[in-house]
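Computed from a prediction, not measured in an experiment: that's the story for all the values here.
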Amino acid sequence: MPSRSVPCDLQVPGGARLSFAASAGGIGMRLLLRGELVAGCEMPASVMVFQDGRSTWHRAPYRSVSRRRVRLAPAPFAAAEVIAEAEVGAASSRVVVRDSYRVRGDHLRIHRTVEVHGGSPGPGFLSALEWDLGGPALEDPWFAPGVWYGTNEHAPDYAIGSPSARRAAGRAMVREDRLPLPFMLRWDPRRSVAFSMAHVESSALTVAGDDEDLPLVDARLGFGSLGVDHDGSAFCFWFPGSEGPVSYPPMWTIPRGNRQADSPVNPFAGKGALASSRGECLRLHPLADGFRQRYLLRVDLHAEPSFERACDAQWRRVAAEYRPRARRAPLARIQRTSIDLLAGLAVRRGGAVGIPTWIDCFGGCEGRLQNTFGIGFVSRNLEAAHLLVAAGWRRRDRALRELGIQILDFWVNGSGQGLSHTEYDPSGERWVDSEDDGTRCVFLRDQSESRRACLKAWELERAHGQDHPRWLAWAAGYGEWLAANQRPDGSFHRSYRLDGTPVSPGSADAAHVIPFFLALDRARGGDALLGRALAAARFLQERWHRRRIYIGATLDNPNCTDKESSALAFEAYLALYEAGAGAQWLEAAQDAARVCESWIFLWNIPMPVDDPHRFFPAGRGTTGFQVITTGFSAFDMYLTRHAGDYARLARHTGDPHYRQIARILLHGTKGAVQLRGELGYARPGMQVEHWSMGRGRGYGLNSGWLPWVSTSHLVSIAAARECF
């Protein structure tokens with residue numbers, strides 16, 4: 001960029017500076033940190049026009065830049081503002097771009113207005129701000145929460161920002177409505193500099209037509225997109241939010257799970273989207289005379305010693321912009337209806353007692369698939385049994401307690417010792433278990449979570465003078481199997497055959513064994529298994545978590561980056577710290593907790609303005625719900641069960657931010673629970689298990705309820721009584 005400067009620079013506290021430079025063609029700008037160029041923008045006004053099936057880019061420098069003083073409310077002081085204007089010729093229109101630059105605190109704010117003069121309603125357009133990074137940056141660490149972590153090496157190949165996808169195309173743009181907060185960050189490892197853009201005050205509006213594959217031109221679209229373009233050399237914001245070369249289809253197009261066509265409510269009939277993640281997904285505004293865009297961008301430029309520190313700091317900065325709040329939920333009512341729902345859905349078939357894994361919320365019936373009883377993960381039969389026993393004692397309801405005991409007895413007496421079966425088909429009266437890479441197996445996570453639930457029920461019954469020695473022996477038998485099969489480095493495999501032969505070579509998701517070891521020690525007295533727990537924790541820290549690689553916990557997805565892996569690590573390390581294993585485990589717990597919260601929506605994203613009645617209830621906020629995994633943009637309420645962990649972390653660290661996250665997880669996740677019949681579901685207490693963002697917003701694969709919806713809410717409410 002030419003060096004002839006324009007005297008309109010803005011100095012940002014911390015050493016960052018925005019400067020403007022003139023050339024024969026106009027005026028561009030540069031971002032510097034401590035005098036060193038980080039990014040430039042010779043053509044700040046960029047417009048893409050889509051017409052007659054083709055897209056073309058039109059760019060221009062600023063034609064004028066001026067500086068003035070403005071008064072800022074409510075404080076009676078003046079601040080510098082730079083006004084820059086450009087005009088872009090696009091198709092038969094003139095597009096006028098007016099940018100206002102101001103410094104607020106430690107960052108830069110860009111208020112942009114884009115106005116169309118001339119033209120016709122036919123073509124569509126988007127406007128863009130494109131920063132030239134001075135060379136390819138696709139292999140640098142990037143952070144787009146819930147989508148892109150570092151080099152994204154553990155995202156599936158078909159995921160947005162995966163190594164193979166971005167290298168093939170040299171670019172990756174992601175819609176901001178997929179992101180738990182609408183920002184993206186690049187960390188330059190050569191200079192230890194973090195550069196971030198965030199869309200502030202986004203409405204994120206969309207329409208029903210956004211579900212479809214074809215380019216969409218609609219004036220109501222209110223979401224942008226962020227990403228990397230031009231062979232990885234440009235950091236971009238586009239408005240509205242076009243996406244590519246990977247763009248996830250609506251979830252209901254994916255042939256997986258129970259069909260919505262089997263439900264009495266099927267909004268997917270007649271919809272034409274395809275189940276493809278490849279190709280551009282253009283979302284545009286009308287290039288029509290008088291049409292106007294307005295948006296506000298936050299630009300941060302900071303020296304940071306590490307990528308991890310940069311991500312954590314920027315997450316909190318953007319969260320403060322959105323001031324997340326969750327409306328207080330009626331916890332006592334949700335607790336009662338959730339217990340009643342679990343009890344009402346339990347069935348007895350032959351000698352088996354359990355709760356089917358999948359129930360359609362609208363019809364109240366089991367699906368053709370997932371109609372089995374499951375021990376853990378999404379099925380949570382043993383956790384449900386413990387909660388029923390607890391409710392039976394609390395409510396003095398013998399029938400509830402007996403139901404919980406019967407479910408526990410079925411699994412303890414019939415599923416096997418050591419490693420046990422994890423899934424039972426009552427219609428065929430046979431064990432069916434799971435598959436991993438086409439091999440019949442059991443996942444270790446199911447084993448650990450079910451045994452912990454069994455131990456909790458055993459402790460509760462024993463506290464009331466009732467002993468169940470088989471329950472304790474069953475849990476202890478699994479502990480003995482773990483001790484005998486822990487590898488010399490402290491690790492475990494992800495899945496095994498029942499004979500103990502490993503199936504999956506994955507070793508990253510075994511954090512769940514740590515709280516189980518500690519719980520079994522507590523039940524039996526002593527610390528015989530503490531060394532085993534520490535060996536597992538040290539392996540996970542050194543091999544995976546110190547580099548913030550959290551993968552493999554969502555058992556029905558590939559062995560990839562997901563939120564539950566960080567959640568299980570957070571829970572495990574916090575348990576170690578509370579067991580007296582040392583302050584280093586509090587540090588490890590905090591690190592996992594910071595990653596874990598980056599999957600939580602801390603802003604509200606509305607349902608389509610012309611179709612608000614989707615599976616996610618109209619008018620109820622998304623704050624507190626969480627993206628599940630990389631590779632698609634489903635979100636659920638799973639992390640509500642970790643509200644107590646965040647509350648205890650706040651107490652241990654003195655950081656009130658974690659207490660805020662705990663309250664959001666406790667209350668925000670319960671806005672989609674039916675309390676009476678207001679959502680049209682078959683029973684009170686029901687809640688659809690997941691929904692999606694991006695295309696198909698507010699719908700998921702289907703309208704199914706899974707047991708862990710209700711057990712997660714119950715776990716969080718019990719923790720709230722202890723922590724708040």
Side-chain angles (χ1 to χ4, degrees), residues 342 351-355 373-377 379-394 398 400-424 431 442-486 492 496 498 500 510-534 536 571-572 575-576 578-580 711 714-715 718:
L342 290 172
V353 185
I355 301 170
F373 302 158
I375 198 170
F377 191 42
S379 304
R380 300 277 171 164
N381 266 223
L382 268 72
E383 185 171 77
H386 162 244
L387 293 164
L388 289 166
V389 169
W393 285 112
R394 186 175 62 252
R398 183 173 178 178
L400 284 179
R401 176 172 166 263
E402 285 298 322
L403 176 58
I405 290 171
Q406 289 166 11
I407 294 173
L408 279 154
D409 282 342
F410 166 69
W411 287 96
V412 168
N413 296 334
S415 64
Q417 299 298 312
L419 289 182
S420 70
H421 291 289
T422 56
E423 193 169 352
Y424 183 78
W431 300 100
V442 295
F443 286 97
L444 213 59
R445 179 181 174 185
D446 278 331
Q447 305 285 326
S448 298
E449 290 177 336
S450 59
R451 298 321 193 281
R452 283 180 65 197
C454 183
L455 286 173
K456 289 178 181 179
W458 176 82
E459 289 176 331
L460 178 62
E461 283 280 289
R462 196 162 184 260
H464 285 87
Q466 307 297 314
D467 197 15
H468 300 269
R470 288 185 179 179
W471 297 2
L472 179 59
W474 186 67
Y478 171 61
E480 292 161 6
W481 184 92
L482 284 176
N485 286 272
Q486 189 171 25
F492 294 92
Y496 296 81
L498 275 180
H512 46 76
V513 306
I514 296 167
F516 167 73
F517 277 142
L518 299 177
L520 185 55
D521 269 353
R522 196 163 50 246
R524 298 194 298 192
D527 58 1
L529 296 172
L530 178 59
R532 297 283 182 184
L534 284 168
E571 178 185 45
L576 271 179
E578 292 175 338
T711 66
L714 290 166
V715 167

How would you list all residue pairs meeting salt bridge (charged side-chain N to carboxylate O under 4.0 Å, His left out) that involve residues 451-463, not counting sequence neighbours? R401-E461, R452-E571
So do the side chains of L482 and R532 get within less than 4.5 Å of each other, counting heavy atoms only? no
Rounded to the nearest 0.5 angstrom, the CD-CG distance for E383 and L342 is 9.5 Å
Whether the side chain of Q447 engages the backbone of V442 through a donor-acceptor N/O pair (distance < 3.5 Å, no angle test) should be reported. no
Residues that E449 engages under salt bridge (Lys or Arg N to Asp or Glu O under 4.0 Å), provided they are two or more places apart: R380, R445
Residues in side-chain contact (heavy atoms from CB on, under 4.5 Å) with S450, at least two apart? I375, L382, W474
Determine whether L576 and L530 make a side-chain contact, defined as any pair of heavy atoms from C-beta on separated by less than 4.5 Å. yes
Quick check: are there more than 12 heavy atoms from other residues, nucleotides or ligands sitting under 6.0 Å from CZ of R470? no
So CZ of F443 and OG1 of T422: to nearest 0.5 Å the spacing works out to 8.5 Å
List the atom of A536, the atom of V513, and the distance in Å for their closest heavy-atom pair. CB-CG2, 4.0 Å
Name all residues meeting the side chain to side chain donor-acceptor pair (under 3.5 Å) criterion together with S448; count only those two or more places apart in sequence or in a different chain, and write none if there are none. Y478, H512
Can you confirm if the aromatic rings of Y424 and F410 lie within a centre distance of less than 6.0 Å? yes
Residue pairs meeting salt bridge (charged side-chain N to carboxylate O under 4.0 Å, His left out), one or both in residues 513-528, sequence neighbours left out, come to none
Nearest heavy atoms of A523 and L455, plus distance in Å: CB-CD2, 4.0 Å
In short, L520 meets A475 closest at the heavy-atom pair CD2-O, 4.3 Å
Please round to the nearest 0.5 Å and tell me the distance separating atom OG1 of T711 and atom NE2 of H386. 11.5 Å
So which atom in D446 and which in G376 form the shortest heavy-atom distance, rounded to 0.1 Å? OD1-C, 3.3 Å
Has N381 got a side-chain atom pairing as donor or acceptor with G354's backbone, closer than 3.5 angstrom? no
Would you please indicate if the ring centroids of F373 and W431 are separated by under 6.0 Å? no
Identify, with sequence neighbours excluded, every residue that meets side chain to side chain donor-acceptor pair (under 3.5 Å) alongside W411. none
